[in-house]
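Accompanying notes for the structure given below.
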Amino acid sequence: DDAIKKLEDAVAANPKHGMAWSSLGNLYKGKQDIPKAVKAYEMATAVIKKDKNLWENLGMAYYRNKQLDQALGALKTAAEIDPKDAQIRSNLGTVKRQKGDAAGAIADLEMAVKLKPTDGGYFNNLGVAYRHAKRNDDAVKAFQKAVELAPNDPGFHFNLATVYRRKEMFEEAAGEYEKSVGLDPGNADAWFDLGFVHKQLRNNDKAIAAFQKY
């Protein structure tokens with residue numbers, strides 16, 4: 001709060017102090033005041049026009065503020081500044097997916113995993129895009145890679161299990177749901193889905209236990 005007050009004084013004295021606006025954006029974001037973060041990043045990018053991280057921060061602030069069109073524009077600018085930044089590509093793909101541009105989302109997310117093939121999060125995001133495009137076989141491969149790279153992430157196991165369930169691979173789905181709830185026992189959706197797949201497998205005692213946990 002003290003830092004915000006000092007930076008607000010700084011931009012009041014000099015409205016073109018781009019780095020002060022950028023720092024304010026980061027602090028507002030940290031306090032979950034996203035509308036103020038958006039305004040601060042907008043003021044910063046009006047002064048500092050070639051900073052990819054600043055444009056990415058603005059894009060993701062727009063995204064959190066449910067301004068998808070503006071998010072897309074800001075992230076595209078960030079990608080133009082540095083076309084080979086994996087994080088920017090992944091974020092751009094996520095926004096495109098939510099905008100309904102499945103092909104564009106997949107292209108950016110495939111680029112992200114190509115640029116940084118050691119990041120499980122990028123493979124997970126790619127898997128989500130494949131799943132939305134009903135490319136379930138490709139989704140399985142992406143989620144499997146995500147789990148391989150980050151075996152302790154319960155969300156990655158959950159996403160892989162969900163695609164297995166869609167493909168009616170119930171044994172495989174049960175195994176992944178078990179790993180997911182083992183890592184995150186508070187995920188009610190995972191317990192419900194685990195109960196469902198055990199029901200399909202006629203493991204009635206296990207199904208009852210999972211549904212009771214749900």
Side-chain angles (χ1 to χ4, degrees), residues 32 34 60 63-66 68 71-72 75 86-214:
Q32 302 299 313
I34 303 305
M60 296 312 291
Y63 175 73
R64 294 185 182 93
N65 208 40
K66 304 187 187 307
L68 293 184
L72 191 60
L75 289 169
Q87 180 171 296
I88 292 170
R89 287 288 179 183
S90 184
N91 288 334
L92 186 55
T94 297
V95 174
K96 284 183 178 179
R97 175 179 61 78
Q98 295 206 5
K99 287 279 295 175
D101 180 5
I106 288 169
D108 279 311
L109 291 163
E110 286 178 339
M111 178 64 74
V113 301
K114 182 178 180 181
L115 290 166
K116 194 169 183 181
T118 58
D119 192 305
Y122 297 156
F123 278 98
N124 181 69
N125 291 344
L126 177 58
V128 172
Y130 282 143
R131 187 178 67 199
H132 278 268
K134 295 183 168 48
R135 291 172 56 177
N136 288 331
D137 290 340
D138 290 327
V140 164
K141 292 176 184 176
F143 288 136
Q144 285 175 335
K145 187 65 176 178
V147 164
E148 175 189 327
L149 291 168
N152 293 323
D153 190 301
F156 297 173
H157 288 286
F158 178 83
N159 284 337
L160 177 56
T162 298
V163 181
Y164 281 146
R165 176 172 56 79
R166 288 186 178 185
K167 289 170 62 64
E168 298 187 354
M169 299 169 63
F170 296 127
E171 288 280 3
E172 292 84 351
E176 291 302 322
Y177 282 129
E178 292 281 6
K179 291 175 183 176
S180 181
V181 297
L183 292 163
D184 179 14
N187 185 344
D189 289 339
W191 284 110
F192 183 88
D193 287 354
L194 179 59
F196 173 84
V197 295
H198 277 314
K199 181 182 175 185
Q200 303 308 306
L201 293 166
R202 300 186 186 282
N203 298 330
N204 291 331
D205 289 342
K206 289 182 177 180
I208 288 169
F211 283 133
Q212 286 177 330
K213 188 69 175 177
Y214 166 79

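Quick caveat: nothing in here was measured; it's all calculated off a predicted structure. Values below: every heavy atom of this structure, side chains too, minus hydrogens, waters and symmetry copies.
M111 contributes atom CE, which lies 6.0 Å from atom CG of L115 (distance to the nearest 0.5 angstrom). The CD1 atom of I34 sits 10.5 Å away from atom CE of M60, with the distance rounded to the nearest 0.5 Å. Annotation: the span from I208 atom CD1 to Q212 atom CD amounts to 6.5 Å, rounded to 0.5 Å. Atom CG of residue L126 and atom NZ of residue K141 lie 12.0 Å apart, to the nearest 0.5 angstrom. To the nearest 0.5 Å, the span separating CG on D184 from CZ on F158 amounts to 10.0 Å. For the atom pair N136 CG and Y130 OH, the distance stands at 12.5 Å (nearest 0.5 Å).
Inter-residue side-chain proximity for L183 and N152 is flagged as met; some heavy-atom pair is nearer than 4.5 Å. For the pair R166/R131, a side-chain contact is recorded, criterion being any heavy-atom separation below 4.5 Å from C-beta on.
In summary, of the residues considered (T94, N125, D108), a side chain to side chain donor-acceptor pair (under 3.5 Å) with R89 occurs for D108 alone. Just one residue in the list N159, L160, D193, T162 forms a side-chain contact (heavy atoms from CB on, under 4.5 Å) with E176, and that residue is L160.
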From CA spacing to verdict: side chain to side chain donor-acceptor pair (under 3.5 Å), E172, Y177: CA-CA 9 Å; E172 292 84 351; Y177 282 129; over 6 Å; no
Steps toward side-chain contact (heavy atoms from CB on, under 4.5 Å) verdict (Y63, N91): CA-CA 10 Å; Y63 175 73; N91 288 334; over 6 Å; no
Working for side-chain contact (heavy atoms from CB on, under 4.5 Å), residues V95 and D101: CA-CA 9 Å; V95 174; D101 180 5; over 6 Å; no
side-chain contact (heavy atoms from CB on, under 4.5 Å) between N124 and K145, worked out: CA-CA 8 Å; N124 181 69; K145 187 65 176 178; over 6 Å; no
Check against side-chain contact (heavy atoms from CB on, under 4.5 Å), L75 and K96: CA-CA 10 Å; L75 289 169; K96 284 183 178 179; over 6 Å; no
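Taking each heavy atom of G93 and L109 in turn, the nearest pair found is CA-CG, 4.0 Å. Shortest non-hydrogen contact noted between F156 and A150 is CE1-CB, 3.6 Å. The two residues V181 and A190 make their nearest non-hydrogen contact at CG1-CB, 3.6 Å. Of all heavy-atom pairs between A129 and I106, the closest is CB-CG1, 3.9 Å. Nearest heavy atoms, G195 versus A207: O-CB, 3.5 Å. Closest approach of G120 to A146, counting heavy atoms only: O-CB, 3.4 Å.
Ionic pairing of K167 and D137 is present here: one or more N-O contacts between side-chain nitrogen and carboxylate oxygen are shorter than 4.0 angstrom.
No hydrogens or angles considered: nothing links the side chains of Y164 and E171 as a donor-acceptor pair under 3.5 Å. If you check the side chains of Q98 and H132, you find no donor sitting under 3.5 Å from an acceptor.
Checking side-chain atoms of S180 against main-chain N and O of P154 turns up a donor-acceptor pair under 3.5 Å. W191 places a side-chain N or O within donor-acceptor distance of the main-chain N or O of P185, the cut-off being under 3.5 Å. In this structure, H157 contributes its side chain and P151 its backbone to a donor-acceptor pair below 3.5 Å.
Note: F211 and F192 meet the aromatic proximity criterion, with ring centroids under 6.0 Å apart.
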